[in-house]
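Got a structure for you, written out below as structure tokens; questions coming shortly.
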Amino acid sequence: MVAAGRARWKIENENNNVLKNHGYHFEHNFAHGKQQLSNFLATLNLLAFLTHTALEWLDEAYRAVRNDAPSRRTFFEQFRTLLQFMPFDNCSI
């Protein structure tokens, strides 16, 4: 039972570490502001983290690209840079 508790604690700590220190800036961005907006933005951030985790598990192409980047932060910085130079006619989907 102790081992199961420690494993759960380890998983929770690793998850929080990723949210705080690996590009999501969870703690800093959501400590201020209106309660509803903070909750909404925190929910979007958690949804992004869930999506990235699901992609790592399920999509081989995403996993291959992520493995080429030295860190998750570097991957998203490079991705953001590419998006800045991509021409979009409009914002509609």
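Computed from a predicted structure; not experimentally measured.
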The reported gap from CZ in Arg66 to CZ in Phe76 (rounded to nearest 0.5 angstrom) is 6.5 Å

Show the numbers, then the answer: is there a side chain to side chain contact (heavy atoms under 4.5 Å, CB included) between Gln78 and Thr74? CA-CA 6 Å; Gln78 292 171 350; Thr74 303; 3.5 Å; yes

After noting the C-alpha distance and the side-chain angles of Glu56 and Arg72, does the key distance pass the side chain to side chain contact (heavy atoms under 4.5 Å, CB included) rule? CA-CA 11 Å; Glu56 284 185 21; Arg72 181 185 294 247; 3.0 Å; yes

Would you give the length of the straight line joining atom OG1 of Thr43 to atom CG of Leu50, rounded to the nearest 0.5 angstrom? 12.0 Å

Candidate pair Arg63 and Trp57, rule side chain to side chain contact (heavy atoms under 4.5 Å, CB included), full reasoning: CA-CA 8 Å; Arg63 201 174 10 218; Trp57 289 346; 5.6 Å; no

Joint hydrophobic cluster, Met86 plus Phe79, side-chain heavy atoms closer than 4.5 Å: yes

Mutual orientation of the aromatic rings belonging to Tyr62 and Phe75 [parallel < 30°, tilted 30-60°, perpendicular > 60°]: perpendicular

Between Thr51 (side chain) and Leu47 (backbone), is there a donor-acceptor pair under 3.5 Å? yes

